[in-house]
Amino acid sequence: MTITENREQSSEPPLQKGVFVRVGGFAYRRKWLAVTLWVAVLAGVWAIATAAGDAYKDDISLPGTESQAAADLLEEHGAGNAGDTIDIVFQNEGGLASVRDRVEPMLAEVAKLPNVGDVQSVYDNPTAVSEDGTIGYATAQLEVASADIPVEDTERIQEVAQDIEGEGLRVELGGEAIRTLSEGETGVGEMVGLVAALVILVIMFGTFIAAGLPIMIALFAVGSTVGIILLASHLFTIASWTPPTMFLVGLGVGIDYALLIFARYRTELVRGVEPEKATITAMDAAGRSVFFAGCTVILALFGLTALGLGSIQGMALSVALTVLMTMIASLTLLPALLSIFGKRFARQFLARAEKRRAKGKGEEGDGWRKLATGVQKRPLAALLAAAVILGALAFPALNIRLGFNDAGNDPSDSTSRQSYDLLTEAFGPGFNGPLLIVTEGGDGNAEDAAAAAAQTLGETEGVAATAPPIPTPDGEAATLIVYPASSPQDEETTELVGTLRDDVLPGLTQDNGAEYLVGGPTAGSEDYAGKLADRMPLFMIIVVGLAIILLMAVFRSVLIPLKAAFLNVLSIGAALGVMKLVFQDGRFGFEGGPIEAFVPVMVFAIVFGLSMDYEIFLISRMHEEWVTSKDGDPSRAVREGLARTGTVITAAGSIMIVIFAAFILSPTRLLQQSGLAFAVAIFVDAVILRCMVVPAAMELMGRRAWWLPAPLAKILPKVELEKH
C-alpha cells in the first residue's frame with residue numbers, strides 16, 4: 001500500500017461514527033435520566049459497601065520461593081502463627097530495674113486488652129535487655145494478624161503503654177499494627193491535588209462551573225469504582241494500598257478524559273456551533289480518542305497479570321476498572337452535564353473569544369504553531385537535546401534496588417521509628433530484620449542440626465548473633481533466628497541471604513543431611529523483589545507489544561507506534577531514575593532505602609498507558625489535518641496538530657502532574673514514590689516528548705510516518721479516530 005493510497009482511504013467516513021454519536025446524543029437528550037442513574041450507582045454502591053465493610057489482604061506470599069517453603073514447612077509442623085506482635089520498647093537512663101514497679105502492672109493491663117494474647121515481660125527474658133540495662137523490650141502477641149486488628153484496639157494498646165512515661169522513662173511501640181496506625185489517612189494529597197486542578201481549569205476556561213465538570217466526572221467515576229472494589233475485596237485478594245492507588249490514577253485520568261472532550265466542545269462553541277451539535281461533534285472526535293486512549297491504559301494494566309502475583313493482579317484489575325469507569329463517565333455523564341449548562345457555556349465562551357479578538361490577540365494555538373516550526377527547522381538538534389536530558393534522568397534507574405520499607409523509613413517523630421532506632425542502638429542494626437532458618441531432618445534430630453547451624457553461622461561474616469534453636473511442637477523441625485550485622489534494607493543483608501543459601505547451608509546439608517531453609521519477613525522481601533525483577537522482561541514485552549499492535553490499527557502506520565513505544569519507555573526510565581535519586585539515595589529530606597518492589601512495574605504499566613493517551617490525542621489530530629488537507633503536506637499537518645492540541649495537552653498534563661505530585665504529601669512511602677514517578681513521567685511526556693521530540697521525529701519521517709505494508713493493512717482491523 002502506498003502512502004497516497006493510505007491517505008485517500010483514511011478520508012473515508014469512520015466505521016464507528018454512529019456509536020459515539022448515538023451515545024452522546026442519547027445522554028444529551030435524556031440528561032436527567034443519565035445524571036439520576038449515575039447518582040443512583042454512586043449512592044447504591046456506597047450504601048452496600050458501607051454496610052459490608054472491607055476485607056483487604058496484603059498478600060506477598062510467593063509459591064516457589066524458599067521463604068514461602070520455609071513458612072509452609074512451619075505450618076506443616078504446627079508452628080504456623082497467624083498472629084503478629086507489638087514490641088513495647090523502654091528506655092531509662094537509670095536502668096530498667098528501677099522502674100519495674102511501673103512497667104509490670106502496665107504489661108499486665110495490656111495483656112487484658114482486646115485481641116492481645118500473651119505478653120512476654122522484659123524482665124522474664126534476659127536477652128531482651130541491652131548490656132548496660134537501659135533499653136529493653138516486651139513482646140505482646142496479638143491474637144489476629146496486624147492488618148485485621150481494629151484501629152481503636154491498637155490505639156488503646158499504645159495509650160496504656162505510654163501512660164507510664166515520665167520521670168526519665170521513655171516508652172515507644174513498634175510492629176506492623178503500630179506502623180499502620182502511624183500512617184493515618186491519605187486524604188491530604190487528594191485534596192491538594194483537586195484544589196490545584198481546579199485552579200488550572202478555572203484559568204483555562206474562565207468559569208468555576210466549566211472547571212468543575214471534569215472534576216465532577218472524576219469523582220463520580222472514582223467514587224463508584226472504589227465502592228465496588230471495597231465489596232470485591234471480600235471475594236478476591238486486594239491489597240490495602242489499592243484504593244489510594246485508584247484515587248491516584250482515577251483522579252488524573254478522569255479529569256484528563258473529561259477535559260479533552262470538553263476542550264473540543266468549547267472549540268466548537270467558539271466557532272458558533274449550537275450546543276447540541278457541539279456536544280455530538282466533541283463526542284464523535286475527542287470521545288473516540290478517549291475511548292481508544294482508555295483501552296491502551298487498560299491493556300497495559302492487564303499486562304500486570306502476567307506477573308502471577310495475587311496482590312498486584314488485584315491492583316491491576318482494580319485500576320483498570322477505575323479507568324473503564326472514568327471512560328464511561330466521560331462518554332455518558334459529561335454529555336448530560338453539557339446539556340444542562342450548554343447555553344450558559346455558549347454565552348461565556350463566545351464572549352471570551354470576542355474579548356480576545358478585541359484585544360488584538362492572535363488565534364489560539366499560534367504559540368504552539370511557532371514552536372513546531374522552530375523544531376522542524378532543526379529536528380536533529382531537538383532530538384539530540386532531548387536524548388541528553390532523558391539519558392541523564394534515566395541513568396540512575398540502572399541501579400534501582402527493590403525491596404519493602406520498614407519502620408526505619410517511617411517519619412522520625414513516629415513511635416514506630418523511635419522504637420526501631422532504640423532497638424538498633426541496643427542490639428545492633430540487624431535486630432529489626434532477623435533471618436529465620438527452618439531445619440528439618442538430618443542424621444540426628446532437627447534441633448541438633450539447627451544447633452550445628454548456629455555454631456557455623458556464628459562464625460559467618462555478616463552475622464552478628466544467633467539465638468538458641470527452638471523445636472516445633474511435633475519435634476520434627478526446628479527454627480533458628482539469625483541476626484545480621486547490617487540493617488534489613490542494606491545491600492549487605494541481601495548478600496548475606498544469598499551467601500547462606502548458596503554456600504554456607506548447602507555445606508551443612510552435605511555434612512549431616514538436614515534440610516535448611518532461609519525464611520522470615522526479611523528473606524521474604526528479598527524473594528519477592530527478586531521474582532518481580534525476573535518477570536519484568538516478559539511483562540514489558542506484553543505491554544509494549546499490545547500497545548504497538550493497537551496503535552498500528554489506529555494510525556495505519558508502522559513507524560509511529562514504534563516511535564511512541566520507544567519514547568514512552570524513555571519517559572518511564574526518566575521517572576524511575578528521579579525516583580531512585582530521591583527515595584533510594586535519600587535526597588530532599590526523604591529517608592534512603594530500597595524502592596518498593598511493587599512500584600516500578602506499577603509505574604511502567606500505568607505511565608505507559610497514560611503516555612499513549614497523549615500520543616493518541618496529538619497524533620490523531622495531526623492525522624486528521626493530514627487526511628483533510630488539500631496539499632497533503634505532512635509538515636503542515638504536524639504544525640497544525642500541535643497548534644490544535646498543545647494547549648489542552650499542556651493543561652491536561654499540568655492537572656495530572658499536580659494531582660500526582662500532591663501524593664508526595666501522603667504518609668505512605670509507596671504512594672510517595674508512585675506520585676513522584678507519575679508526576680515526573682507526565683512532565684517529561686507533555687513537555688519534552690510532545691513539544692520537542694514528536695514534532696522533530698514526525699518531520700524527519702515525513703510521509704513515511706503514515707506508511708503501512710499491504711500485508712499488515714489486510715490483517716489489522718481498520719480503526720479511525722478522527723471526524724472529518
Side-chain angles (χ1 to χ4, degrees), residues 84-142 146 149 151-184 405-434 464-465 467 483 486-489 521 589 591-593 667 669:
D84 291 336
T85 62
I86 289 178
D87 291 328
I88 305 175
V89 186
F90 309 95
Q91 182 185 38
N92 188 59
E93 294 301 329
L96 296 183
S98 63
V99 292
R100 184 167 186 166
D101 59 336
R102 294 161 58 190
V103 171
E104 287 199 322
M106 178 272 291
L107 295 179
E109 185 177 353
V110 168
K112 299 176 183 178
L113 295 177
N115 287 308
V116 177
D118 182 48
V119 176
Q120 185 178 33
S121 173
V122 62
Y123 301 105
D124 295 338
N125 181 9
T127 63
V129 181
S130 62
E131 291 184 1
D132 62 4
T134 61
I135 299 175
Y137 66 93
T139 303
Q141 181 73 44
L142 301 180
S146 296
I149 185 171
V151 172
E152 55 270 20
D153 289 351
T154 307
E155 289 176 338
R156 181 59 181 156
I157 294 172
Q158 183 173 345
E159 290 171 2
V160 170
Q162 294 187 327
D163 189 52
I164 66 170
E165 280 190 316
E167 300 179 8
L169 176 62
R170 177 182 172 191
V171 182
E172 306 293 349
L173 288 85
E176 286 305 310
I178 298 297
R179 293 192 66 210
T180 301
L181 185 64
S182 300
E183 286 179 355
N405 72 84
D406 58 22
N409 303 115
D410 290 351
S412 57
D413 59 348
S414 65
T415 187
S416 57
R417 171 63 183 275
Q418 293 184 28
S419 69
Y420 181 98
D421 291 342
L422 284 175
L423 292 174
T424 298
E425 177 186 343
F427 305 105
F431 185 84
N432 287 291
Y483 297 101
S486 51
S487 70
Q489 297 183 0
E591 293 288 340
R669 189 173 172 86

Donor-acceptor pair, Gln162 side chain versus Val171 backbone, under 3.5 Å?
yes
Mind jotting down which residue pairs meet the salt bridge (charged side-chain N to carboxylate O under 4.0 Å, His left out) criterion with at least one end in residues 124-139? Sequence neighbours excluded, please.
none
For Glu155, the salt bridge (charged side-chain N to carboxylate O under 4.0 Å, His left out) test, sequence neighbours excluded, returns none
Shortest non-hydrogen contact between Ser419 and Gly174, atoms and distance
OG-CA, 3.4 Å
Restricting to side-chain contact (heavy atoms from CB on, under 4.5 Å), what partner residues turn up for Glu109, sequence neighbours left out?
Arg156, Val160
For the backbone of Leu173 and the side chain of Thr415, can you confirm whether one donor and one acceptor N or O come within less than 3.5 Å of each other?
yes
Residue pair Gly430 / Tyr483: nearest heavy atoms and the distance that separates them
O-CD2, 4.0 Å
Could you tell me which residues satisfy side chain to side chain donor-acceptor pair (under 3.5 Å) with Ser121, sequence neighbours excluded, listed by chain and number?
none
Distance-only donor-acceptor hits, side chain of residues 86-95, under 3.5 Å, sequence neighbours excluded:
{"unit_1": "Gln91", "atom_1": "OE1", "unit_2": "Arg170", "atom_2": "NH1", "d": "3.2"}
{"unit_1": "Asn92", "atom_1": "ND2", "unit_2": "Gly95", "atom_2": "O", "d": "2.8"}
{"unit_1": "Asn92", "atom_1": "ND2", "unit_2": "Ser98", "atom_2": "OG", "d": "3.2"}

Grab the two heavy atoms, one from Gly136 and one from Leu96, that are nearest each other, plus how far apart they are.
N-CD1, 3.3 Å
d(Ile149 CD1, Thr154 OG1) to nearest 0.5 Å is 4.0 Å
Ser487: side chain to side chain donor-acceptor pair (under 3.5 Å) partners, not counting sequence neighbours:
Asp490
Which atom of Glu165 lies closest to which atom of Glu172, heavy atoms considered
OE2-OE2, 4.3 Å
All heavy atoms of Pro488 vs all of Pro429, minimum pair found to be CD-O, 3.7 Å
Determine yes or no for a side-chain-to-main-chain donor-acceptor pair under 3.5 angstrom, with Ser416 supplying the side chain and Ile178 the backbone.
no
Partner residues of Arg100 under the salt bridge (charged side-chain N to carboxylate O under 4.0 Å, His left out) criterion, sequence neighbours left out
Glu104
Taking only distance into account, with no hydrogens and no angle test, what donor-acceptor pairs under 3.5 Å do side-chain atoms of residues 420-427 form with protein atoms, sequence neighbours excluded?
{"unit_1": "Asp421", "atom_1": "OD1", "unit_2": "Arg417", "atom_2": "NE", "d": "3.2"}
{"unit_1": "Asp421", "atom_1": "OD2", "unit_2": "Arg417", "atom_2": "NE", "d": "3.2"}
{"unit_1": "Thr424", "atom_1": "OG1", "unit_2": "Tyr420", "atom_2": "O", "d": "2.9"}
{"unit_1": "Thr424", "atom_1": "OG1", "unit_2": "Asn432", "atom_2": "ND2", "d": "2.9"}

How would you list, by chain and number, every residue that makes a side-chain contact (heavy atoms from CB on, under 4.5 Å) with Asp101, sequence neighbours excluded?
none
Salt bridge (charged side-chain N to carboxylate O under 4.0 Å, His left out) involving Glu152 - partner list, sequence neighbours excluded
none
